[in-house]
Amino acid sequence: MGLFNKKKNEPQPPQNPGEQNAIGDRNLKMQLADTALGLLVQGEDFNELANTKVEFGYLFVIDDHGIESLFKLETDKTTAYFAAQGDKLMRLNFTEELFRSTIDSFLEMHGGN
């Protein structure tokens, strides 16, 4: 599920109280992606950003915690993984396999798949 190909009427998974599945919140996803792009280093992580892709694994807003998200940016030179927790955004040293298994584990714990 990429940044721009989420169907509007797609059913959302059940949620725990105090959690909102925000995977359909385009503005929030764009804010996170823009912030993550600012962490990339030109020349090391990308030459140009024209064909950069974003994929969100999950995006929740949790009461008394804030944002909980895992996503990746694919540039012309690399794939960079990011986690948002609370009000912090961190670049991760992940593999694609770890990205996928973390998504599966998180969604299983939070009532979605």
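Just so we're clear, the structure is a prediction, and the values are computed from it rather than from any experiment. Here, residue 1 is the first one in the sequence, and each next residue gets the next number.
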Next on the checklist: Which residues pass the side-chain contact (heavy atoms from CB on, under 4.5 Å) test with Ser101, not counting sequence neighbours?
Outcome noted: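 Here the qualifying residues are Leu98.
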Item to check | Partner residues of Glu96 under the side-chain contact (heavy atoms from CB on, under 4.5 Å) criterion, sequence neighbours left out | outcome: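 Here the qualifying residues are Lys72, Tyr81, Phe99, Arg100.
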Checklist entry - Please walk me through it: do Asp45 and Arg91 pass side chain to side chain contact (heavy atoms under 4.5 Å, CB included)? => result CA-CA 12 Å; Asp45 295 315; Arg91 186 168 178 175; 2.9 Å; yes
Checklist entry - How long is the span from the CD atom in Gln85 to the CD1 atom in Ile62, to the nearest 0.5 Å? => result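 Gln85 atom CD to Ile62 atom CD1 measures 9.5 Å (nearest 0.5 Å).
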Within-4.5 Å side-chain heavy-atom neighbours: [X] and [Y]:
X	Y	result
Leu89	Leu39	yes
Asp63	Glu19	no
Thr75	Leu40	yes
Phe60	Ser69	no

Item to check | side chain to side chain contact (heavy atoms under 4.5 Å, CB included) evaluation trace for Leu73 with Thr79 | outcome: CA-CA 6 Å; Leu73 292 172; Thr79 299; over 6 Å; no
Closest non-hydrogen atom pair between [X] and [Y], with its separation:
X	Y	answer
Ile23	Lys29	O-NZ, 2.8 Å
Glu68	Tyr58	O-CD1, 3.7 Å
Leu92	Ala83	CD1-CB, 3.7 Å
Leu59	Asn21	O-OD1, 3.4 Å
Leu28	Ile67	CD1-CD1, 3.6 Å

Next on the checklist: Parallel, tilted or perpendicular, judged at 30° and 60°: which one describes the rings of Phe71 and Phe82?
Outcome noted: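 Ring orientation of Phe71 relative to Phe82: parallel.
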Next on the checklist: With a sphere of 6.0 Å drawn around NZ of Lys77, does it hold more than 12 non-hydrogen atoms of other residues, nucleotides or ligands?
Outcome noted: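 Yes.
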Compile the donor-acceptor pairs under 3.5 Å between side chains in residues 30-38 and protein atoms, sequence neighbours left out, one pair per line.
{"from": "Thr35", "atom 1": "OG1", "to": "Gln31", "atom 2": "O", "distance (Å)": "2.8"}

